[in-house]
K.L.:
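Structure below; questions to follow.
Bear in mind that the values here come from a model prediction, so they are computed numbers and not experimental data.
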Amino acid sequence: MKLWKTRGKNYRLATILTHSLFLTIGVFTVMVLLQNFQVNRQVVTQEVARSKQQTSSLIQEIFKFRLKSIEIQQDSYSRSQSLVSELRNENSENISRFFDGIDQIDPDISPDFRFMSKDGSIFWNDQNHKFYGIQDEQLVLISAELITGNHWYISRAPSSMGMRYLMIRRTSMIAMNNGEVVGDFYAGVVLNNNFSLVRALLEGSNVDQLALAVGSEIIASSSKTDVGHIEWLEQYSPDLNANEYMISKVDLTIDGVDTFLTVYTVQNNSHIALLMRGHYLWVGGAVVLIFLIAIYTRVWLGQRVSNELKNLMLYTEQSIEAKNVERFKGSTISEFNKIGQSFQRSFKRLREQEKQFADLFNYSLSPIVLWDTNGNVVRMNPAAERCFRTDEKGVNLYPVMQEGLLPQIRMSAQGVSLTGVNIAIGEKTYRWNFSPIVLDNVTRNIMSQGQDVTSFIEAERQSQTAREEAEELAKVRADFLAKMSHELRTPLNGILGVSQILKGNLTDELDIEHVDVLINSGEHLLAVLNDILDFSRIEQGKFHIQHSEFRLKELVTIVEKIYRPLCNEKSIQLIVNSNIVDEQTVFSDQIRLNQILFNLVSNAIKFTHHGHVLIDIHLEQRQFNYELKITVEDTGIGIDRKRLQHIFDPFVQAEPHTTREYGGSGLGLAIVCSLVELFDGSIEVDSEIGIGSRFMVTVMVDGVLEPNLSSSQSGIVEPTTMFDRTLEVLLVEDNQTNAFIARAFCEKYGMKVTWVQDGNNAIEHLKHNSKIDLILMDNQLPNLGGIETTKIIRDELQLSIPIYACTADGMLETKRSFIDAGANFVIVKPIKEAALNQAFQYYKDHYYS
């Protein structure tokens with residue numbers, strides 16, 4: 001309940017703006033401060049890391065320098081021939097005097113103690129080790145540990161003053177004249193309370209204090225307090241902190257090898273602590289400033305914005321209640337002034353729309369009815385009242401209208417808009433539109449508008465009847481033409497046949513001339529009948545493209561052989577241009593392409609009396625197929641440009657007198673146009689009276705994928721002599737007749753044929769019998785298709801047996817799918833003996849062994 005009250009509470013605009021402004025400024029300020037703090041923190045962190053790195057490098061270098069100085073001094077003494085001589089002569093007193101003088105000259109780079117060994121025993125020492133509480137026995141143990149190398153070693157030695165941590169280095173005493181190793185020279189540094197080392201590190205590293213530790217044990221310090229307990233060292237942290245000092249840790253290395261020696265340093269950190277405290281003060285100040293801005297903003301908005309907004313709300317309420325829209329008096333705030341003017345324009349527009357809607361509702365000639373969601377009439381316009389009054393028979397149409405529209409009203413009450421619903425009310429039919437009126441996502445009312453479409457419905461019914469009658473009449477006409485063409489063909493073929501026989505037996509020239517007239521008339525009539533029959537088949541949709549493989553060069557050769565003599569008789573020139581090679585084989589309908597070309601060429605020769613007829617056949621390769629362009633150009637009588645758009649209509653010729661002068665049915669170009677459409681091609685025409693005509697046809701044809709056998713294997717090889725052994729052939733064929741024919745063909749070549757009826761049986765046979773020389777694979781097989789079977793043989797069985805696909809589907813896609821699956825050759829059904837002979841020749845040349 002409390003939650004509902006909180007959400008339902010109304011806030012003043014000034015309060016909302018104050019909160020928004022306060023939140024915006026606060027978030028922005030905090031983000032800026034946090035970003036500034038983060039940037040400064042990163043800078044300080046990097047600077048501290050750099051300072052620590054500098055300190056670490058300085059301490060490491062000073063420590064190395066200290067050890068290196070002792071190394072140089074030790075190596076120099078080990079090569080001193082006087083010391084070697086004294087050691088060989090076992091004169092320890094002279095050795096002691098030598099080192100006493102050296103230590104007085106430069107005591108800072110001298111080791112804490114020295115000793116020499118000879119023949120495995122301690123020969124000489126400077127007695128300094130006893131100052132640190134180390135007994136002579138410990139020197140023997142130390143020398144026993146350092147038996148190889150000249151590196152520094154860190155060792156521990158018990159003493160009377162506790163455990164001592166030592167750094168020991170050994171070097172050999174060698175006589176330079178003969179290379180004899182006389183003995184070993186040892187130098188030792190005591191790390192515990194080594195004030196000399198600490199002072200050198202402190203002066204060279206620019207730190208305030210430092211401590212030397214072994215592991216967690218402090219063994220030397222610059223502090224005057226107890227070495228084992230250093231207060232500032234207990235506060236060590238590797239991270240940046242706001243303390244007054246900064247502690248660093250340096251792990252010492254000797255000759256690049258890590259040791260357990262650690263140097264802790266402390267530096268003044270007051271500037272970092274001051275910077276961090278300054279940030280905290282800035283954050284606090286920003287919070288106080290935000291609070292003051294919020295208070296000032298709240299007071300200012302309460303006095304300025306609230307009053308202006310109150311005036312605006314008062315104007316809105318008065319405009320809603322009043323019938324006339326008053327002018328807005330304006331506001332001193334620009335945004336509120338624009339809002340008030342927008343309200344003024346909106347109220348004015350709303351009043352105009354209400355008046356327009358009322359006028360439309362009252363004066364509309366179409367019936368408009370307002371319904372509630374239960375299907376009750378709320379309001380009707382005068383047109384609806386006129387339409388649904390009691391009709392001439394005294395029937396009240398209101399209940400009829402309500403009952404007829406009730407299903408649509410209920411559907412529209414669900415929020416669905418309906419249009420174009422025809423409903424009969426009385427003797428009239430109305431087309432209704434239903435639109436739900438939705439307020440607050442709830443459908444309150446439904447508006448319906450009707451239109452009297454009785455005459456339209458009747459006209460549509462009559463139009464549909466007329467269309468059906470016309471279609472039936474066209475079908476009857478086409479059937480009649482087809483039947484009459486076939487009925488006339490038989491006697492006409494008899495007339496032409498007998499006429500040709502008679503012509504061969506006549507000797508009288510007049511009789512021969514009479515028979516020629518008879519033959520020419522019969523051939524003309526036969527051509528007209530053929531055109532009528534083809535056009536009838538096209539109109540009935542029975543004219544289809546039949547694809548097959550053929551040499552495209554035949555198209556050029558046939559048209560030249562047929563029409564060159566006709567051109568010679570008319571003394572006109574026939575020009576044939578082509579880029580088609582002899583071996584080019586395509587997959588298309590040769591007969592229909594011939595029909596297109598023959599119709600165009602026949603027309604060109606018919607209407608040309610002088611000049612030439614040009615035939616250009618051009619083939620261009622595209623991405624997946626070929627584009628065949630046929631151009632027929634003549635220098636004949638030409639066609640009027642005004643009649644070009646009708647030249648492809650049936651039974652239409654260029655001029656009315658053309659039929660009387662040249663004959664013909666007027667169907668040739670209509671058939672050509674229909675055939676080009678069946679090829680999904682295009683045809684264009686360009687002509688001019690007295691100049692000539694040019695027809696351009698473009699169609700797409702498919703190429704052939706299988707190997708070209710014509711160039712090298714055009715001859716037929718005797719089947720019994722082709723192979724010198726019996727080939728094992730697996731025939732995969734589901735049709736018994738096709739299998740019988742294929743087996744009979746193969747047995748003529750001495751092959752042994754095994755027949756299986758589907759792809760699964762073929763796979764099982766190949767699993768148990770791999771001695772197969774050739775596979776003849778059908779395409780459409782039960783259970784498993786030929787393409788899928790071929791892919792399994794290649795991919796899963798991993799067999800390389802040659803596979804010849806035998807398919808009645810001559811489509812290019814089917815051939816490509818077989819080749820992609822792994823087939824070596826494609827044979828198109830029905831299988832012809834010549835084609836099979838060439839296919840077996842290809843097998844012998846490429847796969848037979």
K.L.:
For atom CD of Q135, is the number of surrounding heavy atoms from other residues, nucleotides or ligands below 6.0 Å larger than 12?
P.N.:
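Incorrect, the count does not exceed 12.
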K.L.:
Check step by step if side chain to side chain donor-acceptor pair (under 3.5 Å) holds for W152 and E71.
P.N.:
CA-CA 9 Å; W152 287 98; E71 287 181 17; 2.7 Å; yes
K.L.:
Between T253 and D258, is the side chain to side chain donor-acceptor pair (under 3.5 Å) condition met? List the steps.
P.N.:
CA-CA 5 Å; T253 60; D258 294 333; 5.4 Å; no
K.L.:
Does the side chain to side chain donor-acceptor pair (under 3.5 Å) test come out yes or no for D136 and Q138, once each step is laid out?
P.N.:
CA-CA 5 Å; D136 293 340; Q138 294 298 324; over 6 Å; no
K.L.:
Would you say the side-chain atoms of N89 pair up with the backbone N or O of S85, donor to acceptor, closer than 3.5 Å?
P.N.:
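It does hold such a pair.
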K.L.:
Count the heavy atoms belonging to other residues, nucleotides or ligands that lie under 6.0 Å from CZ of R88, then report whether that count exceeds 12.
P.N.:
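For R88, atom CZ is crowded (more than 12 foreign heavy atoms under 6.0 Å).
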K.L.:
Kindly indicate whether the side chain of L191, heavy atoms from C-beta on, has any atom under 4.5 Å from the side chain of L197.
P.N.:
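The answer is yes, as the side chains (C-beta and beyond) meet within the 4.5 Å cut-off.
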K.L.:
Which is it for E217 and I219 under the side-chain contact (heavy atoms from CB on, under 4.5 Å) test, yes or no, and what are the steps along the way?
P.N.:
CA-CA 6 Å; E217 181 182 356; I219 60 175; 4.3 Å; yes
K.L.:
Are more than 12 heavy atoms, taken from residues, nucleotides or ligands other than Y847, located less than 6.0 Å from that residue's OH atom?
P.N.:
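It does: Y847 OH has more than 12 such atoms within range.
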K.L.:
Just by modelled atom types, is the L252 backbone N or O under 3.5 Å from a matching donor or acceptor in the T259 side chain?
P.N.:
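Flag set: sc T259 to bb L252 pair under 3.5 Å.
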K.L.:
Does any part of the side chain of L727, heavy atoms only, come nearer than 4.5 Å to the side chain of L774, both counted from C-beta?
P.N.:
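Of all side-chain heavy-atom pairs linking L727 with L774, none is under 4.5 Å.
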K.L.:
With a 3.5 Å distance limit and no angle check, can you tell me whether D112 reaches the backbone of G188 through a side-chain donor-acceptor pair?
P.N.:
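No: the side chain of D112 does not pair with the backbone of G188.
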K.L.:
State the CG-OG distance between L139 and S121, to the nearest 0.5 angstrom.
P.N.:
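Output value for this atom pair is 12.5 Å.
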K.L.:
To the nearest 0.5 angstrom, please state how far the CG atom of D758 sits from the CD1 atom of I763.
P.N.:
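Result: 9.0 Å between the selected atoms.
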K.L.:
Considering non-hydrogen atoms only, spot the tightest contact between A220 and N194 and give its length.
P.N.:
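Answer, listing the atom of A220 first, then N194: CB-N, 4.0 Å.
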K.L.:
With ring centroids as reference points, do F185 and F99 lie under 6.0 angstrom apart?
P.N.:
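So the answer is yes for these two rings.
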K.L.:
Show the nearest heavy-atom pair for residues D773 and P802, with the distance to one decimal.
P.N.:
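So the two residues come closest at O-CD, 3.5 Å.
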K.L.:
Does some side-chain heavy atom of K771 sit less than 4.5 Å from a side-chain heavy atom of E728?
P.N.:
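E728 does not reach K771 side chain to side chain.
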K.L.:
What I'd like to find out is whether the side chain of I95 reaches to under 4.5 Å of the side chain of M116, using heavy atoms alone.
P.N.:
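The answer is yes, as the side chains (C-beta and beyond) meet within the 4.5 Å cut-off.
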K.L.:
What's the shortest heavy-atom distance between D251 and Q60, and which atoms?
P.N.:
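Scanning both residues completely, I find the closest heavy atoms to be O-OE1, 3.7 Å.
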K.L.:
Find the distance between CZ (R169) and CG (L67) and round it off to the nearest 0.5 Å.
P.N.:
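Spacing of CZ (R169) from CG (L67) equals 10.0 Å.
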K.L.:
Between Y77 and F98, does a ring pair (Phe, Tyr, Trp, His ring centres under 6.0 Å) hold up when you go through it step by step?
P.N.:
CA-CA 10 Å; Y77 297 156; F98 177 82; 5.7 Å; yes
K.L.:
Check this for me: does any side-chain nitrogen of one of D75 and K68 sit under 4.0 Å from a carboxylate oxygen of the other?
P.N.:
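Salt bridge: no.
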K.L.:
Answer yes or no: is there an ion pair linking K791 with E788, defined by an N-O contact shorter than 4.0 Å?
P.N.:
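Looking at E788 together with K791, the answer is no, because their closest N to O distance does not fall below 4.0 Å.
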K.L.:
Does S110 offer a backbone N or O that forms a donor-acceptor pair with the side chain of Q73 under 3.5 Å?
P.N.:
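No, the answer is negative, given that no donor and acceptor are paired below the 3.5 Å cut-off.
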K.L.:
Give the C-alpha distance, both sets of side-chain angles, the deciding distance and a yes or no for side-chain contact (heavy atoms from CB on, under 4.5 Å) between F818 and I803.
P.N.:
CA-CA 10 Å; F818 255 120; I803 299 176; 5.8 Å; no
K.L.:
Closer than 3.5 angstrom, by distance alone: can the side chain of R164 be matched with the main-chain N or O of A157 as a donor-acceptor pair?
P.N.:
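Side chain of R164 to backbone of A157: no pair is present.
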K.L.:
For L797 and K767: C-alpha separation, side-chain torsions, deciding distance, then whether side-chain contact (heavy atoms from CB on, under 4.5 Å) applies.
P.N.:
CA-CA 8 Å; L797 301 184; K767 287 181 179 179; 4.0 Å; yes
K.L.:
Looking only at non-hydrogen atoms, find the nearest pair between H129 and D126 and report the distance.
P.N.:
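Closest heavy-atom pair between H129 and D126: N-OD1, 4.4 Å.
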K.L.:
Assess the pair F825 and Y843: is the distance between their ring centroids shorter than 6.0 Å?
P.N.:
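Distance test on ring centres: not under 6.0 Å, no.
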K.L.:
Please assess Q74 against Y186 for the test side chain to side chain donor-acceptor pair (under 3.5 Å), listing each intermediate value before the final yes or no.
P.N.:
CA-CA 8 Å; Q74 183 183 6; Y186 296 86; over 6 Å; no
K.L.:
Keeping the roles fixed (side chain from N824, backbone from Y804), state whether a donor-acceptor pair exists under 3.5 Å.
P.N.:
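No; zero donor-acceptor contacts below 3.5 Å.
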K.L.:
Just verifying a value: how many Å separate L212 CG and N193 CG, rounded to the nearest 0.5 Å?
P.N.:
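It is 10.0 Å, given to the nearest 0.5 Å.
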K.L.:
If you take all heavy atoms of F131 and M161, which pair is closest and at what distance?
P.N.:
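Reported closest heavy-atom pair: O-CE, 3.5 Å.
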K.L.:
Can a donor-acceptor pair be found, under 3.5 Å and without considering hydrogens, that links the side chain of H765 to the backbone of N761?
P.N.:
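No, H765 side chain to N761 backbone: no donor-acceptor pair under 3.5 Å.
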K.L.:
Report yes if some heavy atom in the side chain of Q798 is under 4.5 Å from a heavy atom in the side chain of R794; otherwise report no.
P.N.:
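Heavy-atom side-chain distance check fails, nothing below 4.5 Å.
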K.L.:
Does a side-chain heavy-atom distance below 4.5 Å link V263 with K249?
P.N.:
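The answer is no; the side chains never approach within 4.5 Å.
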K.L.:
Working to the nearest 0.5 angstrom, can you tell me the gap between I142 CD1 and S117 OG?
P.N.:
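Output value for this atom pair is 12.0 Å.
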K.L.:
Report yes if the side chains of S96 and W124 come closer than 4.5 Å at any heavy-atom pair, otherwise no.
P.N.:
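Contact flag for S96/W124 side chains = yes.
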K.L.:
Please confirm whether the backbone N or O of A200 pairs with a side-chain atom of R66, one donor and one acceptor, at under 3.5 Å?
P.N.:
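Checked: no pair found.
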K.L.:
Given side-chain contact (heavy atoms from CB on, under 4.5 Å), test V732 with T789 step by step and report yes or no.
P.N.:
CA-CA 10 Å; V732 188; T789 305; 5.7 Å; no
K.L.:
What's the spacing between L201 CG and L58 CG if we round to 0.5 Å?
P.N.:
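The CG atom of L201 sits 10.5 Å away from the CG atom of L58.
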K.L.:
Would the number of heavy atoms belonging to other residues, nucleotides or ligands and lying under 6.0 Å from CZ of F260 be above 12?
P.N.:
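More than 12 within 6.0 Å, yes.
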K.L.:
Taking T790 for the side chain and A821 for the main chain, is one N or O donor matched with an acceptor at less than 3.5 Å?
P.N.:
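Not a single qualifying donor-acceptor pair exists.
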K.L.:
Mind listing the closest non-hydrogen atom pair of Y264 and A213 along with its distance?
P.N.:
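Closest heavy-atom pair between Y264 and A213: CE1-CB, 3.9 Å.
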K.L.:
Determine yes or no for a side-chain-to-main-chain donor-acceptor pair under 3.5 angstrom, with S172 supplying the side chain and I174 the backbone.
P.N.:
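Side chain of S172 to backbone of I174, a donor-acceptor pair under 3.5 Å: no, none is there.
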K.L.:
Got L766 and I801 here, is their nearest side-chain heavy-atom distance under 4.5 Å?
P.N.:
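L766 reaches I801 side chain to side chain.
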